[in-house]
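A note on names: the letters A, B, ... follow the listed sequences, proteins ahead of strands, and every chain is numbered from 1.
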Amino acid sequence: MSSLTKGSRFIDSLVLNTIQREAVEYDDGPQLVFAGAGTGKTRVLTAKIAYLIKEKQFFPNHIFAATFTNKAAREMRERIENLVGISCKGLWIGTFHSLCARILRRESHLIGFKPAFSIYDDSDQRSLIKKVMKELQIDDRSMQPKKLLHTISKFKNACLTVNEIEQRADSYYQREIIKAYVLYQKMLKDADAMDFDDLITNTVFLFRKNPSALEAYRRQFGYVLVDEYQDTNTSQFELIKLLAYAHKRIFVVGDDDQSIYSWRGAQIENILSFDKIFSSAKVFKLEQNYRSPASVLNFANAIIKDNVNRADKQLWTAIKSEKEVLVTRFRDDRQEAEKIVESVIARKQRGVALGEMAILFRTNAQSRQFEESLRKKKVGYILVGGTSFYERKEVKDCIAYLRLLVNPKDSVSCERILNVPPRGIGNRSIEKLIELSKTNQVSLFDLIMKKNFESISGRAKTGLEEFNSMYALLIDLVKEGRSPEELLEEILALSGYIDMLENEDSEESKSRLENINELLNALSIWQEENSGRSLADFLEEVTLVSDIDKWDKEKDAINLMTLHAAKGLEFNTAFIVGVEDGLLPSRQNFGDDSKIEEERRLFYVGATRAMDHLECSYVDTRRRFGSILPMEPSRYLEAIPKELYRFKDNSFSYTATERFSFKTEERPKKRAFREPRPKREPVFSQEPQFDDFSQDTVQFRMGQMVSHAKYGTGKVLSISGFGPDMQLTILFNDGARKKMMAKFAKLQVL
DNA sequence: TTGTTTATTCTTTTT
DNA sequence: GAATAAACAA
């Protein structure tokens, strides 16, 4: 029973409009909710779950809810807990990938995997496919590794087994691909590893092969909910069907106009024909937008109206505003960045917090110009995406070392670090070792640990023995129950990784050391927040957590991200930059109508992020691939009626700095006299970034009391370096002595 | 075997 | 114009 007083019902405590409320209360079979941008999709979904728990007596752990990002999952869990007033720890809410990983870890024995299987990310996959191609002697000129992986991914997303595909091969080329697919899967299995797609497909295969396991999960998950349903792929839909087709307690929310992931296998048909599979499905349409003023919404509606393949609907808003959407033309990408940063500063002065603004672009490469301008003008910013922290070489090396302790069969990780730092084990020796491991039917790592490398000669042999004794020691430390952080510290010391970087003593090696420090910090924080969880859990999180998951609005930093990353977010002001043909839509999609429609949706997604003001811009020339290319405004822009926006032509205005930079641009580049490019500051992309503040660093002195988010208060013992390189040694009140980079430590001066 | 220089491809978008 | 691979020197 609800804890509310008699007469007032739980549903009344939820703030919902008529249709939202109907969707929440409906209890008669499958539901499909079309939730246009800004119509309260998250509100309905959280309300529905809360309602199930509060009014329909569902236990939280009987609900399976798939979201698109871990961040969305976390936020929804919190909102639900607030609504129902109890802890919802048991609730199965997360991305398809993390939910499936959870199931697979429990049931791995059913499909011949260890519970601690590795999860391979992009670069691991690339290494593995290269091994496959080498073994099959496929020339990587005739077939690019990336393309091959993409094809394999397509097979998996369509939930096709190797056997099913083998029958379809009708050319030499296709048979080669299938051979590669087969070997790739075998090597994954041998390495006790799965790639991202496997997490979903293996769960499906597991359920198909084990009816009793399926039955158990089907009974547990009395209700299945899916967010961002327009972006599910076939294997995800298969999974949903397996879980919910029998009992029909399924609730999906999405917006076909925001389907932007077909390149990842998403089937827009899943949402457009949901009611064909779940035939009694009731459809709800949320069309009132609570986010944007009419000017923005009319502009957005005009973008999307040209799409053919969409469900019929019309968004409307009651929010009024005199402000118009602004479309600006600039001379080049540099001017675009500078002028937009100027508008950002102007808006800030008019009271809009930086954190409430976002610059959205099609490709990650576009962020650079904006970063430079923002730094120059000392505006704080957060860059979401791009090369993420966990993709950095040194960080991946550390992860590989750790992975090998959890999963000794992980051959990709083993090969990665076998000779890093250099131990005299070169290509030739590695090839010999792989040969040996194949004939002896043991993993590379086991081979080395059992010292089965007699046939290897001199220098390499010494290296292998070194490696062997290092891991022997590490394995003992694991048995002693050392913490992940301690293990990594030992690895870095024993392997000589730290020494290698310290001896190098270059800007680059310094930044690598910083990143490693950052990883150690992250690991120790994680340890504290997740006591009782294992190293394997940390490693899983590291691969499954994306950049956007860690992102949080920060009051004093503007947000930079791709249009894809912006899905589901909202900002007072959005700048969509580079609205040009060849970029948005991408040149590569010219000639493919469905892709052109998809990118139109991407533009639409961007436009509907704005809660108050929207600006779009395009340039005449843009630097790409190191050369200057002429650009044309996007076909999408040209299709929008002129009365829906105000146009501003900035392409002829010059400023002093621009004229200067124009000159440097024209200066002939003589190799001999060109100054070396200054190295970019190594930065953790999630942190707000500022220009070199060496001029105004006055806040630390010896003996100064400071406070740190994790370690509490402490005293500055010594200071070395200055500006962005400043390092502080701090004695904390709990007795811990830590050396940290001033700019990363986020210390508060007391 | 290792570190450096040179050639080449590449940019969509990401769990 | 950067990241990677191949080619080459030590």
Out of [options], which nucleotide sits closest to the side chain of [X]?
| X | options | value |
| --- | --- | --- |
| W263(A) | dT14(B), dT1(B), dT11(B) | dT14(B) |
| R264(A) | dT1(B), dT11(B), dT14(B) | dT14(B) |
| R623(A) | dT14(B), dG1(C), dT1(B) | dG1(C) |
| K393(A) | dT11(B), dT14(B), dT4(C) | dT4(C) |
| R428(A) | dT15(B), dT14(B), dT1(B) | dT1(B) |
| T562(A) | dT15(B), dT4(C), dT13(B) | dT13(B) |

Using only heavy-atom distances, determine whether the side chains of D549(A) and S546(A) contain a donor-acceptor pair under 3.5 Å.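 Yes.
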
If you round to the nearest 0.5 Å, how far is OH of Y604(A) from CG of N307(A)?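 One gets 10.5 Å once the value is rounded to the nearest 0.5 Å.
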
When you check the phosphate oxygens OP1 and OP2 of [N], does a side-chain N or O of [X] lie under 4.0 Å from one of them?
| X | N | value |
| --- | --- | --- |
| S429(A) | dT1(B) | yes |
| R368(A) | dA2(C) | yes |
| N364(A) | dT13(B) | yes |
| S546(A) | dT15(B) | yes |
| Q144(A) | dC10(B) | yes |

Hey, which sits more toward the 5' end of DNA chain B by its nearest nucleotide, H97(A) or F625(A)?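 Taking each residue's closest nucleotide, the earlier one in sequence belongs to F625(A).
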
Would you list the protein and nucleotides 2-8 of chain B atom pairs, both N or O, that sit under 3.5 Å from each other?
unit_1 : atom_1 : unit_2  : atom_2 : d
dT2(B) : OP1    : G424(A) : N      : 2.7
dT2(B) : OP2    : N419(A) : ND2    : 3.0

Would you please name every residue forming a ring-ring contact (aromatic ring centres under 6.0 Å, His included) with F237(A), sequence neighbours left out?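 Not a single residue meets the ring-ring contact (aromatic ring centres under 6.0 Å, His included) criterion with F237(A).
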
Taking ring-ring contact (aromatic ring centres under 6.0 Å, His included) as the test, write out the residues that go with Y618(A), two or more places apart.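 Y618(A): no ring-ring contact (aromatic ring centres under 6.0 Å, His included) contacts found.
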
In chain order, what residues pass the side-chain hydrogen bond (donor to acceptor under 3.5 Å, both in side chains) check against [X], with sequence neighbours excluded?
| X | result |
| --- | --- |
| R102(A) | none |
| E415(A) | K131(A) |
| Y497(A) | D397(A) |

Whole-Å distance between [N] [atom2] and [X] [atom1]?
| X | N | atom1 | atom2 | answer |
| --- | --- | --- | --- | --- |
| R624(A) | dG1(C) | CZ | P | 15 Å |
| E541(A) | dT15(B) | CD | C1' | 14 Å |
| E580(A) | dT11(B) | CD | C1' | 15 Å |
| F361(A) | dT13(B) | CZ | C1' | 12 Å |
| K146(A) | dT4(C) | NZ | P | 12 Å |
| E598(A) | dT14(B) | CD | C1' | 13 Å |
| D195(A) | dT15(B) | CG | P | 15 Å |
| L104(A) | dT15(B) | CG | P | 19 Å |

Under the ring-ring contact (aromatic ring centres under 6.0 Å, His included) definition, can you give me all pairs with a residue in residues 123-152 of chain A, not counting sequence neighbours?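 Sorted pair list comes back empty.
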
Show each protein N/O and nucleotides 5-8 of chain C N/O combination with a separation under 3.5 Å, one pair to a line.
unit_1 : atom_1 : unit_2  : atom_2 : d
dA5(C) : OP1    : K130(A) : NZ     : 2.3

Can you list every salt bridge (charged side-chain N to carboxylate O under 4.0 Å, His left out) pair that touches residues 224-240 of chain A, not counting sequence neighbours?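 Sorted result for residues 224-240 of chain A: K41(A)-D227(A), K41(A)-E228(A), R208(A)-E238(A), E228(A)-K567(A), D231(A)-K567(A), E238(A)-K241(A).
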
For the aromatic rings, using the six-membered ring if either is Trp, is the centroid distance between Y261(A) and F68(A) under 6.0 Å?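 Yes, the ring of Y261(A) comes within the 6.0 Å limit of the ring of F68(A), centre to centre.
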
